[in-house]
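Each remark here refers to the structure printed beneath this line.
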Amino acid sequence: MSAIDGFERMETQSVSGLAVLNDEGQLVGNLSASDLRGMGRHEFGDLLMSVEDFTLINKDQVQGYCLPPDATLDCLLQTFKEKRVHRLYVVDERNSPMAVITLTDVMRLLTQTSLVCRLAPF
């Protein structure tokens with residue numbers, strides 16, 4: 001799939017990012033709308049590259065944005081803060097994605113927990 005096809009898929013599926021997998025199903029990159037930020041007309045040809053190649057030349061390696069399934073909430077929040085990303089992937093021992101966690105997911109969890117705490121009797 002080309003990078004432009006990946007962006008089209010993001011649009012049709014109403015998502016802001018896609019996991020990029022190699023032929024073995026291992027996570028090798030992340031395609032997001034922010035990858036287009038700062039792109040000039042001279043780089044438009046890059047959109048015809050495979051999505052895997054596009055993410056390799058346009059981003060840091062995705063390995064820093066992965067967590068094991070047993071990661072704690074503290075670890076998750078620290079990784080979001082340190083990496084300054086909007087999504088983290090939960091991967092197994094083969095680096096195959098199991099789940100994606102976004103900052104929106106975390107905010108939703110924290111606000112629901114906060115609501116429960118406010119409604120709980122003392």
Side-chain angles (χ1 to χ4, degrees):
M1 170 189 322
S2 69
I4 193 81
D5 292 334
F7 287 114
E8 182 179 15
R9 180 175 288 181
M10 288 170 41
E11 174 65 24
T12 58
Q13 294 180 354
S14 299
V15 295
S16 60
L18 290 176
V20 180
L21 309 179
N22 64 16
D23 292 336
E24 289 79 41
Q26 298 169 317
L27 185 67
V28 294
N30 176 70
L31 186 69
S32 69
S34 63
D35 293 333
L36 298 173
R37 188 179 304 130
M39 194 173 205
R41 64 181 180 172
H42 293 83
E43 289 94 14
F44 286 168
D46 292 352
L47 295 170
L48 300 175
M49 302 171 110
S50 73
V51 70
E52 186 174 349
D53 289 342
F54 181 84
T55 58
L56 288 175
I57 67 164
N58 289 295
K59 298 194 75 146
D60 294 351
Q61 294 296 315
V62 75
Q63 277 64 30
Y65 311 118
C66 298
L67 295 170
D70 59 352
T72 63
L73 179 59
D74 184 51
C75 177
L76 174 79
L77 294 174
Q78 190 66 33
T79 305
F80 271 123
K81 179 181 174 186
E82 289 174 0
K83 300 298 183 179
R84 302 178 60 112
V85 294
H86 301 284
R87 73 188 51 79
L88 294 169
Y89 293 95
V90 178
V91 296
D92 64 16
E93 63 282 345
R94 291 187 53 249
N95 207 44
S96 295
M98 300 170 66
V100 61
I101 302 172
T102 66
L103 281 172
T104 302
D105 297 330
V106 173
M107 292 305 299
R108 193 172 292 129
L109 172 70
L110 294 176
T111 57
Q112 288 172 353
T113 302
S114 176
L115 177 64
V116 169
C117 290
R118 286 193 306 257
L119 295 177
F122 289 98

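All residue numbers refer to positions in the sequence shown, counting from 1. As the structure is a computational prediction, the values presented were derived from the model and not from experiment. Both backbone and side-chain heavy atoms feed into the values below; hydrogens, waters and symmetry mates do not.
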Quick one: pull up CG in Asp46 and CG in Asp53 and give me the separation to the nearest 0.5 Å. 10.0 Å

Between Val90 and Met107, is there a shared hydrophobic cluster once you connect ILVMFWY residues whose side-chain heavy atoms come closer than 4.5 Å? no

Around Asp70, counting heavy atoms of other residues, nucleotides and ligands shown, do more than 12 lie under 6.0 Å from its CG? yes

Please name all residues satisfying side-chain contact (heavy atoms from CB on, under 4.5 Å) with Thr72, sequence neighbours left out, ordered by chain then number. Asp74, Cys75

Heavy-atom check, side chain of Ser16 versus side chain of His86, under 4.5 Å: no

Sorted by chain and residue number, the side-chain contact (heavy atoms from CB on, under 4.5 Å) partners of Val91 (sequence neighbours excluded) come out as Leu27, Cys66, Tyr89, Asn95

Which heavy-atom pair separates Tyr65 from Lys83 by the least distance, and what is that distance? CE2-CB, 3.5 Å

Of all heavy-atom pairs between Leu31 and Met10, which one has the smallest distance, and what is that distance? O-SD, 3.8 Å

Output all residues satisfying side-chain contact (heavy atoms from CB on, under 4.5 Å) with Gln13, sequence neighbours left out; order by chain, then residue number. Arg9, Val15, Leu18

Rounded to the nearest 0.5 Å, what separates atom CD in Glu43 from atom CZ in Arg41? 10.5 Å

So which heavy atom on Val20 is nearest to which on Thr55, and how close? CG2-CG2, 3.8 Å

Any residue meeting side-chain hydrogen bond (donor to acceptor under 3.5 Å, both in side chains) with Gln26, in chain and number order, not counting sequence neighbours: Asn22

For Pro97 versus Gly25, what's the shortest heavy-atom pair and its separation? CD-O, 3.5 Å

Nearest atoms (heavy-atom pairs only) where Phe54 meets Leu47: CE1-CD2, 3.9 Å

Taking side-chain contact (heavy atoms from CB on, under 4.5 Å) as the definition, give me every residue that meets it alongside Asp105, ordered by chain and number, with sequence neighbours left out. Ile101, Thr102, Arg108

Does some side-chain heavy atom of Leu48 sit less than 4.5 Å from a side-chain heavy atom of Ser2? no

Treat each ILVMFWY residue as a node, draw an edge where side-chain heavy atoms are under 4.5 Å apart, and state whether Leu77 and Leu103 are in one component. yes

Considering all heavy atoms, the nearest Val85-Phe80 contact: O-CD2, 3.3 Å

Decide yes or no for Arg87 and Ser32: does some side-chain heavy atom of the first lie under 4.5 Å from some side-chain heavy atom of the second? yes

Are Ile4 and Met1 connected in a single hydrophobic cluster, I mean Ile/Leu/Val/Met/Phe/Trp/Tyr linked by side-chain heavy atoms less than 4.5 Å apart? no

Below 4.5 Å, heavy atoms only, C-beta onward: do Leu67 and Leu76 meet side chain to side chain? yes

Kindly write out the residues that satisfy side-chain hydrogen bond (donor to acceptor under 3.5 Å, both in side chains) with Arg94, not counting sequence neighbours, or none if the list is empty. Ser96

